[in-house]
Number of protein chains: 2
Amino acid sequence: MLRLTKKADYGLMALKYLAEQQTLAASIRNGANPAQSAKDIAEAYHIPPQLLAKILQTLAKAGLLVSHAGTNGGYSLARSAHDITAFEVIRAIDGPLFITSCITIHGTCDLAGHCTIKEPLRKVNDSIKDLLNGIRISDLIDPAETNPSAALAGGLVSIGL
Amino acid sequence: MLRLTKKADYGLMALKYLAEQQTLAASIRNGANPAQSAKDIAEAYHIPPQLLAKILQTLAKAGLLVSHAGTNGGYSLARSAHDITAFEVIRAIDGPLFITSCITIHGTCDLAGHCTIKEPLRKVNDSIKDLLNGIRISDLIDPAETNPSAALAGGLVSIGL
DNA sequence: GCGAAGCAAGACCAAAGCGGTCGGAGATGT
DNA sequence: ACATCTCCGACCGCTTTGGTCTTGCTTCGC
Ligand code: FES
Ligand code: FES
């Protein structure tokens, strides 16, 4: 259930890595972000390099990363790490799929007429979306600074159906 | 992302249907629950009968339903509709899978050592689990009687997909 | 007791999605 | 201009999913 694809997992890892490198370069050195290459990130996490490359491509196309080709090229964050949510990353990689399996690109599924649980599930969907929206890349780096607005801290989250 | 399988969708529909029939039979008639057959439920929602049958079998094996064979047999809820959560249904059908793709039966995935986002994702996982645990199938029948606790902070942000 | 209605359990199959790989195109620094 | 480095798009096999079929068993109505 609710399986988050490995690609999205890798993507989040890569984003976190880039954010770390960026803040580290901004504080210690004064140079601009050094545009980590896909291969570097892949080796840092021991994941298939070419697969990560494709993920980064997707992320770049989605506007979350900027790519720089050529020697010493690579990727760097398009926005601040504090300004990118986990939801954006996941949606960029896994597409706009949602839990109800009815919400497809073609609009309604063939059961739309007699499906009785569509609305409640949509609410659940929205809640999960909000949950993910409350998580920023910067939160992944330092778990202590999680923002208190998202009830991520282990509290029971209730939704009104 | 986070795709809820169609089987679980069907399962929830069936559970809701059974709950409706059960409460209806308890209030109007005085007879016991009439044990709806799989075919009846399938026809009510226009879903493949044999597929639903297999889903109901799984649900019965999980202890959420009780089956009664023979003529005029069928399925009925094992517990009160107020006492079955959506999480149980989903887990019974789709298995104990979880979002992080690392949490497998074999314990840790091969990236466990150098994966940095495992913990944050686990918290998200728990939050979703709590979210689903807060939904009972009685809530699906009458949306008005939902428990009125705090919705997620930070309003519903809708993104055009 | 007999047959029909219904569940139970398995094998089986096609389609889709996912994870992973390959070779080429393009930019960059020298 | 060249060598090289990196991005980029196409490709491919595997697993999962959704769905069907067959067979056997259990119970009830008659
Ligand atoms: S399955 Fe499509 S609306 Fe519920
Ligand atoms: S991918 Fe397995 S621990 Fe993160």
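Just so it is clear: chains get the letters A, B, ... in the order the sequence lines come, proteins before strands, and each one is counted from 1. Note that the coordinates shown come from a computational prediction; the quantities given were computed from them, not determined experimentally. The analysis underlying the following values was restricted to heavy atoms, covering all of them including side chains, and did not include hydrogens, waters or symmetry mates.
To the nearest 0.5 Å, atoms CD1 (Ile137(B)) and CG (Leu77(B)) are separated by 5.0 Å.
Pairs of residues two or more places apart, or lying in two chains, never qualify as salt bridge (Lys or Arg N to Asp or Glu O under 4.0 Å) while including a residue from residues 60-75 of chain A.
Candidate nucleotides dT20(D), dG9(D), dC18(C) were compared by shortest atom distance to the side chain of Arg3(A), and dC18(C) ranks first. Residue Pro48(A) places its side chain closer to dG20(C) than to any other of dG20(C), dT17(D), dC7(D). In this structure, the nucleotide among dT6(D), dA10(D), dC8(D) sitting nearest to the side chain of Ser37(A) is dT6(D). Proximity note for Gln50(A) (side chain, C-beta onward) versus dC22(C), dA8(C), dG9(D): the nearest is dC22(C).
At a threshold of 4.0 angstrom between heavy atoms, the contacts of Lys54(B) include nucleobase atoms, whether or not backbone atoms are also involved.
The only member of Ile135(A), Ile128(A), Leu131(A) that meets side-chain contact (heavy atoms from CB on, under 4.5 Å) when paired with Ser127(B) is Leu131(A).
Of all heavy-atom pairs between Ser76(B) and Gln22(B), the closest is CB-OE1, 4.5 Å.
With contacts defined as side-chain heavy-atom distances shorter than 4.5 Å, the pair Leu4(A)/Asp94(A) qualifies.
Between Ser67(B) and dA8(C) there is a side-chain polar atom (N or O) within less than 4.0 angstrom of OP1 or OP2. Taking 4.0 angstrom as the limit, Tyr10(B) places none of its side-chain polar atoms (N or O) nearer than this to OP1 or OP2 of dT17(D).
A salt bridge links Asp139(B) with Arg136(B): the closest approach of a Lys/Arg side-chain nitrogen to an acidic carboxylate oxygen falls below 4.0 angstrom.
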With B for base contact, S for sugar-phosphate-only contact and - for none (protein heavy atoms under 4.0 Å), nucleotides 24-30 of chain C reads ---BB--
